Structure formats: C-alpha cells, structure tokens
Number of protein chains: 2
Amino acid sequence: MTAINAAGTIIVVNRLKEKGYRITGQRQALVEQLVESEEPLSAFEIWERLRIQYKDVSLDTVYRNLHVLVDLGALIPINAMGKEGVRYELVYTSHHHHIVCVKCGQTQCIDYCPVDPHLISVLKTHGYELVRHNLQLFGVCRHCNC
Amino acid sequence: MTAINAAGTIIVVNRLKEKGYRITGQRQALVEQLVESEEPLSAFEIWERLRIQYKDVSLDTVYRNLHVLVDLGALIPINAMGKEGVRYELVYTSHHHHIVCVKCGQTQCIDYCPVDPHLISVLKTHGYELVRHNLQLFGVCRHCNC
DNA sequence: ATAAGTGCAAACTGTTTGCAGCCAG
DNA sequence: CTGGCTGCAAACAGTTTGCACTTAT
C-alpha cells in the first residue's frame, strides 16, 4: 500500500473513531480495499477481496460496514441499474460522475459535471435551490462493444 | 382520458404493432397508465393501477411488457437511487429532466440537458458509447424555502 | 465488563423464468 | 390455426435481519 493510500485509510478510520465506531480488523480491511481500488466496487467485489485476508468474513459484514460508511457520508452509493447491484466509492476524492456499462455493469469515473452557474440560474427561475445532484450515464464500454 | 393522452397511447401502440407485437388488453392498459401518469411509475405502482381494470393481471406481465417497451425505446428506466426499484417514463414527449424537492417531493420538469457533443466525445475517449442518461436534481422548492 | 461487531442461516424484495393454457393475428 | 402472450408458481440475485457468540474499548 502506498503512503497516500495509507493516509486515506487513516482519514476514514479516524472519522469512524470520532463517531464512536469500533475499528475491527474486517472494518479496517474493508476501508483499505475501497481506498486502494481504482474504481467503485460492488459489495460482492469487496467481499472477494476481503476474503484473501479474512477468509471467514461474511458478506453481511460487508453490507453492514458499507451502510455505516454511507451513513457517515464517507461513501457514496452508485447505482449500476441491472447487472450487479450498487457500487460504492469513497468521497474524499474530487467531485465527478460515472458512466455505467449497460452490458457488464463496470463503471468509470467521468471528470465532467453539468452543474454550472447557468443551470443554477435556470433552477432559480423555477424557484428551486439546488441541494444535490447526480448524473447517471449509461453506455456500452469498449470491451462490450464488439 | 383526454384527447392528448389518447393520442399518446395510439402512438406507442402503433410502434408496438409496427414491430410485430400483439396488442393485448393488458398491454394496452399498461401503456395507458404510463401515458396518463404525471410522473415515472414503478412496476409495482403500474401493477396496482392495472388491477383496477384487469383484476387478474400478474406482476410478471407488467415486467415483461415494460421490457418490451424499453427494448422498443419507447420507455426509459429511471433509477430512483433510493431503496425503491426502477421507475419508468415514456419518451414520446420532448427530452427533459426533473428537479425533485427534497422536502415536499414535488417535481418540476427542467428544460435543460447536459448531453452535448462535448460530453459525447469525452465519453468516447473513455471507450464508452452513450446509450441513455438521467440527470437527477434535488433541491428545495420556493414553497419549502421559507 | 459490556455493548458493538461478527458469522451463520434464514427471511425479504424486486425481478426473472419454465410451463401449460389462452387469444390476437 | 398457431406462435406470441398470459397467469401461476417457483427460482433467482442482491440485500437485510434475528440470533448467539466474539471482541474492541
């Protein structure tokens, strides 16, 4: 694990401690997997990776810890719609959106966000103040497009 | 049913006929429910409404017909990102998105779409071909902002 | 010590599928 | 008439929950 990843783990683990959560081996290992992953992971994928270190870890524990992190605001759920369920990504990185492959369910980060001053003002004319947003992009990835 | 809704039903039904699908009572009634609905419906909600006319219609039939309409391109699946499953909206109206008030749940159509040639090309560089998309906007409406 | 966290199994939800009968074309 | 459509039941995948045991604090 790189120094930058170790730091990321510590940040998340400290947030857990602050809120009174206990740091178990499984919980810390789950955070490490999320920090080290290049892309959002599904609960099942996290489970597969955790089992290398914790051979008896259960999928339930993965789900429970994912919920804890989501409640904490440290993790955002990304819905892949269809193939495989929700994927999770830590949010200490910069703001961006994702595209999901409608065939295989893989996701990629897209460094683009539609929310600009123009959209904000359009919404204002409708009487709305924007609180949060999510751009869902669905496509076919290079691999599935053959 | 208003004249405009009747017209909407006919448009969708004709697309089904063109592709060789048969027009059963259940199928037509399902289209009518979608046309008449102000907002996207879940499979379960459609089923509830269909059962008023077709008391023995099965939920499977709802799903099967939803798939047919999605394959046809007449219906887009919208993931509510909450605990509920997928919602469906007919696409014979002009393309737009919605903003949802996080306090009262009211929605408004927003005549804005982030998908432009620039975004398409950004996605191409990621190896993705865009199939469909959905912009989810959450805000506080004029009424709730006091 | 003690309450949060865990593994197991079983329940639950939303969706899909195999089959025999039905009905639109 | 006949293949697509249907209802039924059962399977299915992803997720959640009740329980007794374990472990971090």
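No hydrogens, no waters, no symmetry mates; every other heavy atom, side chains included, goes into these values. Note that this is a predicted model, so its numbers are computed, not measured. Naming: A, B, ... by sequence-line order, numbering from 1 per chain.
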Original post:
Thr24(A) side chain: which of dT15(C), dA24(D), dT6(D) is closest?
Top reply: dA24(D)
**OP:** Would you mind reading off the distance between Leu66(B) atom CG and dT15(C) atom C1', rounded to a whole angstrom?
**Re:** 11 Å
Original post:
Are side-chain heavy atoms of Leu72(A) and Lys19(A) found at a separation under 4.5 Å?
Top reply: yes
Original post:
Can you find an N or O donor on one side and an acceptor on the other, under 3.5 Å apart, linking the side chain of Asp60(A) with the base of dA9(C)?
Top reply: yes
Original post:
Taking atom P of dG25(C) as reference, at what distance in whole Å does atom CD of Gln28(B) sit?
Top reply: 10 Å
Original post:
Is there a side-chain polar atom (N or O) of Arg22(A) under 4.0 Å from OP1 or OP2 of dA3(C)?
Top reply: no
Original post:
Relative to the 5' end of DNA chain C, which residue comes earlier, Tyr88(B) or Asn65(A), by the nucleotide with the nearest heavy atom?
Top reply: Asn65(A)
Original post:
Would you call Val100(A) and Arg87(A) a side-chain contact if the rule is heavy atoms closer than 4.5 Å?
Top reply: no
Original post:
How is Phe44(A) classified with respect to the nucleic acid when contacts are heavy atoms under 4.0 Å: base, sugar-phosphate, or nothing?
Top reply: nothing
**OP:** Measure from CG on Leu16(A) to P on dA24(D) and round the result to the nearest Å.
**Re:** 15 Å
Subject >> Residue Arg64(A), side-chain atoms from C-beta onward, closest of dT15(C), dT15(D), dG18(D) >> reply: dG18(D)
Original post:
In whole angstrom, what separates Tyr54(A)'s OH from dT22(D)'s C1'?
Top reply: 14 Å
**OP:** Nearest-nucleotide wise, let me know which of Val57(A) and Ala43(B) is further upstream toward the 5' end of DNA chain C.
**Re:** Val57(A)
**OP:** Please tell me which of the listed nucleotides, dA24(C), dT15(D), dT17(D), lies nearest to the side chain of Tyr63(A)?
**Re:** dT15(D)
**OP:** Report the distance from atom CG of Leu59(A) to atom P of dA9(C), rounded to the nearest whole Å.
**Re:** 14 Å
**OP:** Would you check if His96(A) and Ile110(A) make a side-chain contact, meaning some heavy-atom pair closer than 4.5 Å?
**Re:** no
Original post:
What is the distance from NZ of Lys19(A) to P of dA24(D), rounded to the nearest Å?
Top reply: 24 Å
**OP:** Go through dC5(D), dT15(D), dT6(C) for me and flag the one nearest to the Arg27(B) side chain.
**Re:** dC5(D)
Original post:
Quick one: Lys17(A) NZ to dT25(D) C1', roughly how many Å, whole number?
Top reply: 11 Å
Original post:
Atom CG of Leu123(B) and atom CD of Gln108(A): how far apart are they, to the nearest 0.5 Å?
Top reply: 9.5 Å
Original post:
Between dT25(D), dG25(C), dT6(C), which nucleotide gets closest to the side-chain atoms of Ile23(B)?
Top reply: dG25(C)
Original post:
Between dT6(C), dG18(C), dT16(C), which nucleotide gets closest to the side-chain atoms of Thr61(A)?
Top reply: dT6(C)
Subject >> dT23(D) OP1/OP2 closer than 4.0 Å to side-chain N/O of Gln26(A) >> reply: no
**OP:** May I have the distance from Glu18(A) (atom CD) to dT25(D) (atom C1'), rounded to whole angstrom?
**Re:** 17 Å
**OP:** Kindly compute the distance separating CD (Gln28(B)) from CD (Gln53(B)), expressed to the nearest 0.5 Å.
**Re:** 9.5 Å
